[in-house]
Every structure is written in structure tokens, then in C-alpha cells.
Amino acid sequence: MKLYDTLQKKKVAFQPIRKQEVGIYLCGPTVYDYGHLGHGRSAIVFDLLRRYFIYRGYRVTFVRNWTDIDDKTIERARQEGITVEELTGKFIHIYREDYAKLNILEPDYAPKPTDHMAEIIMIIERLFENGHAYTLEDGVYFDIASFKGYGALSGQSLDELRSGARIEVDESKRNPGDFALWKFQKPGEPAWDSPWGRGRPGWHIECSAMSSRYLGEEFDIHCGGQDLIFPHHEDEIAQSRGAGYGFARYWLHNGFLNINDEKMSKSLGNFFTLRDVFKRYTPHAVRFFLLSAHYRAPLSFSEENLQHAENTLKRYNDFILRLTEITGKGPTGEVGEEMQDLIENAKQGFEGGLDDDLNISKALASIADLIRAVNCSIDGGSVTPSEAASVIGFLENINEVLGVFSFEREMLPEEIEELIEERTRVRAERNFARADEIRDTLLERGIVLEDTRDGTRWKRSS
RNA sequence: GGCGGCAUAGCCAAGGGGUAAGGCGACGGUCUGCAAAACCGUUAUCCGUCGGUUCGAAUCCGACUGCCGCCUCCA
């Protein structure tokens, strides 16, 4: 399996630290507000990564944090007149609901920095011991000049960072790029005891502390959005390696979700929350949309593209419905060699695509080829129930990775079943006026009827 | 100013030295009582522009143009 490593700036063959095991850390959101599509994208593409490792037989440990203590959670809680804990508890709950709708697997660990002060303090102590930390009036800082290799991830040298700094420089810091490890308490702020005084952790330190806590001092993959490369991940590397950890072996970053060619973000105010989008599109379609572009490429949000996802998914699910109708006839017939080859080709195409740095387009193209070929055989009446079952089995397997197909069928209310039966009767009598009337009535109620050789099929219209 | 990314049909998108996968949409056809679904066919002489290397480039090199991101909180 090849993955693009941001640090090496190229695709490399993935080698796990321990055979058939992989530890993954994903930087999660700061929980002070509703999640938007961009957060959804990051969560989904790395859910795809995790699920594909599982599909490939790896034992995966997946960690995604909730950032619950920083300027924004403190400020928002103050505005709303509630505690930081109340605020973050509410939004963690909302995020979890949204992510569940998107069929994102729960992380094995979902740590919060407020639960890990001991680990955070311990790593800062180690940074002092190793000469990377120093204390100023308002907090403890990391001395980036003391860490050789600073800038390797983002491709920037210390000098460039110095000259390019757009922020007002705190003259007391040894280097403008030095960042806070521990911020001393200001009036009204939540605070924890530490050897340097009461306060709270800086942003970057939580990920260094919690990743090592759950995945070990050296682990396989660290992921996040491209906006985290600098300074967040650069600083994490400096801290963790400065503390003597091996830290992450591979760095993966997802591209942005754009809207009108601009990054969707809180600060630009051009975002759609997941909740809003769910009002207009099915969660499966939203997942499929966010999944359907390569994870490192920019993806444009638009009504047209969401609708596109909805349409494509409908084609998949119609296909599954057709297969289900055939398997309903019982487990009979052979699985012919031709069908075995079709499935095998699709499987190889699917795996070949995802093996190549999660090339989802390649993977989906092979599924499209399978659907066309099998639909063609169904039209010809040559697909046995056993064959249909094996195609469904294949789709179920890959759906463990994609998580977008629907296999379940709901039961219709009896009155609707009766209308469908009545329509079958009157059609046999060639009373098409009544038949069309029934079809229109049901359509108004969201039921689409399709007449096939073997009877009438119903579907939900949306 | 520094660092990085992107530019392929109406739209989404793969490919990345040997002559353009796949999907959505559209149009024509088969099927159907009519539809729908499905299938078949059509839909890029060409891959931002200009040069160069090569027998051969969308693919490599150079320049240019446009767009985006990071350098400040951000998935």
C-alpha cells in the first residue's frame, strides 16, 4: 500500500511498525461550534483510510481528539454564560451525532486534553530537561531554534519564518516562531496546577501528549487537514521529538473542501454545517460526495455536485435492489466462471485503486464496470440467484470500506401493498387509466413504481 | 515576500512518454400499454498558454498566465 507522506513529499510504500498493525492519530476539531462540511471531509477521508486498513486485515488503533480547552472554547463559553465543560460537552455530543450519520466509525480513543493534564505536564518537563523549553512572564515556550530540523514538514527555514512572520512579534520570545507549551492563568480562565504555575496547555502539546499516551512514543500515521501542517504539526514534531519520542512515521493531510473556489472555513464565514446539509441531502450522499474525490485534492461544494453524488448512489442502490430481487428466488444455480471473473476484476480494480494512496476514482471506476456488466447480464436473464448473491457479497465487503450502500429494505404499509396489487390486477385487465392513477397517487406519497418482467418494483423517491 | 498545490469535455474525474478510464448530465435507440429502470450508441483530433527535449508529450524540461492554500485560530 502506497501513501503520500507530507514529510517526504512523495508516495511511499507503507511499512507498519508492527506487522499487520497500524496506529493512526487524527487531529480532531475544536468543539466550540457546529461542525461543517470541511470537518466532515477530514473525518471521512481518514475513516476511509482506517476502514481500508481493516479491510486489508490490519489491526487498527484509531485515535481522534476533541480539543476542548483553548481561546475559542473559553471565549464562547464566556459569551454564552456557561462553563467551558458545558459548552464542549454539548458540541462533542453534536459532533458525534453528525459523524454517526455520516457513518464514520467511532475512534478507539477520543481523548480530550482536559483529561490528560498529567501527560501534558510530563512531556513539558521532559522538554525542560532536554533544553527546549523556557519560561516567560505569561507562560512556558518552546525554543524552536533548539530543535534542529524545525521546518522540515512545512518546508520552511527558520529565517524564512522569521522574515515572513505577519504577526506582531513578542520581543521577549527567543524566536518569533516560539510557541506556548503552557499558558499561565488569566482572570476568569479555567486552570490546572503545574510545576510552573497554574494555567492551561498550549494548543499543540495536547496532540503530542495524547498520541503517545494511546499509540506509544512512536506510531505509524498522523493525519489532519492541510491547514494543520504549519504550525500545528510542525510544532508537534518539535515537541515530541524534542521529548525524545520517535513520533509519527507518516504524515497524511487532506485537501480542503472549497466553496466558490475558496476554502470553507469558520473564519471566512462561508461554511455549511453538517446539520444544514443533512436537511437537503441524505447523509449517505453527503458521505459519498466527500469521499468521491481524492483525499488530497481540493473538492468543490455545490448543489450540482451534491446532486451528482445523490444520483450516482441511487444507481448503486438500484443495482443492489435488482440483485436482491433475484436472490429472493432462493439460493439456486451456479456461479459461472464469467461472473467469478467479473467480480474478481472488480475486486482487483477496487483494491488496486485504494492501494495507490487511496485513489478512490480508480476504485469506483472498477465498480462502475462491474455494475454495467452485471446489469447487462440481468437484462439477458442469465444471472442466477447464487450469482446475484455473490455480487451482493462482494458489495457488502467493499461497503465495509465505503460505507455508502443500502442493503436493507423496509416493509411497506399494508394499504400501499394493496394498491400495488390492485394496480397489477387492473393492468392485466388493461385498465391503464386506473393503473396510472395509482402510480401517481403513490408517487405523491414518495413511492416510485417500476414495472419489470417479473412484476412491479417499488422504491423510495428520494 | 517565503513555502506549497492545482489547471483534462456542459459538470465531476482517472491517467502521467506511445496516441484520452469511469461517473453525472444531454441527445438518439432497444425494451415498456405509457413511464421508470436497465442496456446499446453519440457527446475532448485533444489535456491553461508559449517554447524546448524526443521517432513520439496531456504526460519530461523551461517560461508565462490564471486559481487556491499555508506563513495568524482553522479539518
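Residue numbers begin at 1 in each chain, while the letters A, B, ... track the order of the sequences.
The nearest whole Å value for the distance from the CG atom in A:Asn258 to the P atom in B:G69 is 7 Å. Here the P atom of nucleotide B:U72 and the NE2 atom of A:His204 are 10 Å apart, to the nearest Å. Per the geometry, CZ belonging to A:Phe91 stands 14 Å off P belonging to B:A75, to the nearest Å. The separation between A:Gln348 atom CD and B:G22 atom C1' is 18 Å, rounded to whole Å. Rounded to an integer number of Å, the gap from CH2 of A:Trp251 to C1' of B:G4 is 17 Å. In this structure, A:Asn175 places its CG atom 17 Å from P of B:C71, rounding to the nearest Å. In this structure, A:Phe272 places its CZ atom 18 Å from C1' of B:A75, rounding to the nearest Å. A:Asp227 places its CG atom 18 Å from the P atom of B:G4, with the value rounded to the nearest Å.
Between B:G18 and B:U54, the two C1' atoms lie 12 Å apart (nearest whole Å). Taking atom C1' on both B:G28 and B:U65, the two are 40 Å apart, rounded to the nearest angstrom. Between B:G23 and B:C61, the two P atoms lie 32 Å apart (nearest whole Å). Rounded to whole Å, the P atom of B:A14 lies 25 Å from the corresponding atom of B:G66. Taking atom P on both nucleotides, B:C47 is separated from B:A58 by 6 Å, rounded to a whole Å. Rounded to the nearest Å, the gap between the C1' atom of B:A21 and that of B:G16 is 13 Å. Comparing the C1' positions of B:C39 and B:G10 gives a spacing of 24 Å, expressed to the nearest Å. Comparing B:C40 with B:C46, their P atoms sit 28 Å apart, to the nearest whole Å.
Ring planes of A:His232 and A:His204: tilted class, angle from 30 to 60°. Between A:Tyr95 and A:Trp66, the ring-plane angle classifies as tilted under the 30° and 60° cut-offs. Between A:Tyr316 and A:Phe288, the ring planes lie perpendicular to each other; the angle is over 60°, past the 30° to 60° tilted range.
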Distances for protein N or O near nucleotides 38-41 of chain B N or O, under 3.5 Å:
residue, atom, partner, partner atom, Å
B:A38, O3', A:Asn375, ND2, 3.1
B:A38, O2', A:Arg322, NH1, 3.2
B:A38, O2', A:Asp379, OD1, 3.1
B:A38, O2', A:Asp379, OD2, 2.6
B:C39, OP1, A:Arg315, NH2, 3.2
B:C39, OP1, A:Asn375, ND2, 3.4
B:C39, OP2, A:Arg315, NH1, 3.3
B:C39, O4', A:Asp379, OD2, 2.9

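In this structure, A:Asp379 pairs ionically with A:Arg322, as a charged nitrogen and a carboxylate oxygen lie closer than 4.0 Å. Ion pairing between A:Glu437 and A:Arg423 fails under the 4.0 Å rule for side-chain N and carboxylate O. Under the 4.0 Å criterion applied to side-chain N and carboxylate O atoms, A:Asp355 and A:Lys2 are not assigned as salt-bridge partners. Using a cut-off of 4.0 Å between Lys/Arg side-chain N and Asp/Glu carboxylate O, A:Arg249 and A:Asp5 are scored as not salt-bridged. The pair A:Asp33-A:Lys72 fails the salt-bridge criterion, with no side-chain N (NZ, NE, NH1 or NH2) lying under 4.0 Å from an Asp/Glu carboxylate O.
A heavy atom lying under 4.0 Å from RNA chain B marks the following residues of residues 443-458 of chain A, by number: A:Leu449, A:Glu450, A:Asp451, A:Arg457.
When heavy atoms are screened at a 4.0 angstrom cut-off, A:Gly28 is found touching the sugar-phosphate backbone but no base atom. A:Leu257 comes within 4.0 angstrom of a base, heavy atoms only. Backbone-only engagement by A:Asp261 is indicated by non-hydrogen atom pairs under 4.0 Å involving sugar-phosphate atoms exclusively. Here A:Arg76 lies out of heavy-atom contact (under 4.0 Å) with every strand. Contacts of A:Ile229 with the nucleic acid, taken as non-hydrogen atoms under 4.0 Å apart, are absent. Nucleic acid contact class of A:Lys263 (heavy atoms, under 4.0 Å, all strands): base. Within the nucleic acid shown, A:Arg41 has no heavy atom closer than 4.0 Å to any nucleic acid atom. Note on A:Asp70: nothing from the nucleic acid sits closer than 4.0 angstrom, heavy atoms only. Here A:Gly224 lies in heavy-atom contact (under 4.0 Å) with sugar-phosphate atoms only.
In a base pair of the Watson-Crick type (N1 to N3 plus N6-O4 or O6-N4) or a G-U wobble (N1-O2 and O6-N3), with each distance short of 3.5 Å, B:C70 is matched with B:G2. A 3.5 Å limit on both hydrogen-bonding distances identifies no Watson-Crick or G-U partner for B:U32. When Watson-Crick and G-U wobble pairs are counted only if both distances are under 3.5 Å, B:A26 pairs with B:U42. Nucleotide B:C55 forms a Watson-Crick or G-U wobble pair with B:G18, both donor-acceptor distances falling under 3.5 Å. Across all strands shown, B:G48 forms a Watson-Crick or G-U wobble pair with B:C64, both key distances being under 3.5 Å.
Interface remark: the A:Arg439 side chain does form a donor-acceptor pair with the B:A35 base, using a distance-only criterion of under 3.5 Å. Checked by distance alone, A:Arg427 brings a side-chain donor or acceptor within 3.5 Å of a matching partner on the base of B:G33. Side-chain to base pairing of A:Asp436 with B:G33: one donor and one acceptor N or O lie within less than 3.5 Å of each other.
Of the possible donor and acceptor atoms, none in the side chain of A:Asp178 sits under 3.5 Å from a partner among the backbone N and O of A:Lys173. At distances below 3.5 Å, not a single donor-acceptor pair connects side-chain atoms of A:Asn305 with backbone N or O atoms of A:His308.
For A:Phe247 and A:Tyr25, the ring centers sit 6.0 Å or farther from each other. Between A:His233 and A:His253, the distance from one ring center to the other falls under 6.0 angstrom.
Comparing B:A21, B:A75, B:G33 by their nearest atom to the side chain of A:Phe432 picks out B:G33.
Summary of the strand contacts: A:Phe46 and A:Leu268 both lie near RNA chain B, and taking for each the nucleotide with the nearest heavy atom, the more 5' one is attributed to A:Leu268.
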(message) Each nucleotide in nucleotides 7-19 of chain B should get exactly one letter: B, S or -. Can you fill that in based on protein heavy atoms under 4.0 Å?
(response) ----SSSSS----
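The shortest distance between side-chain heavy atoms of A:Arg434 and A:Glu429 does not fall below 4.5 Å. At a threshold of 4.5 Å between non-hydrogen side-chain atoms, the residues A:Leu181 and A:Phe179 count as touching.
Judged by a 6.0 Å distance limit and a 45° cone about the ring axis, A:Lys266 is positioned over the six-membered ring of A:Tyr32.
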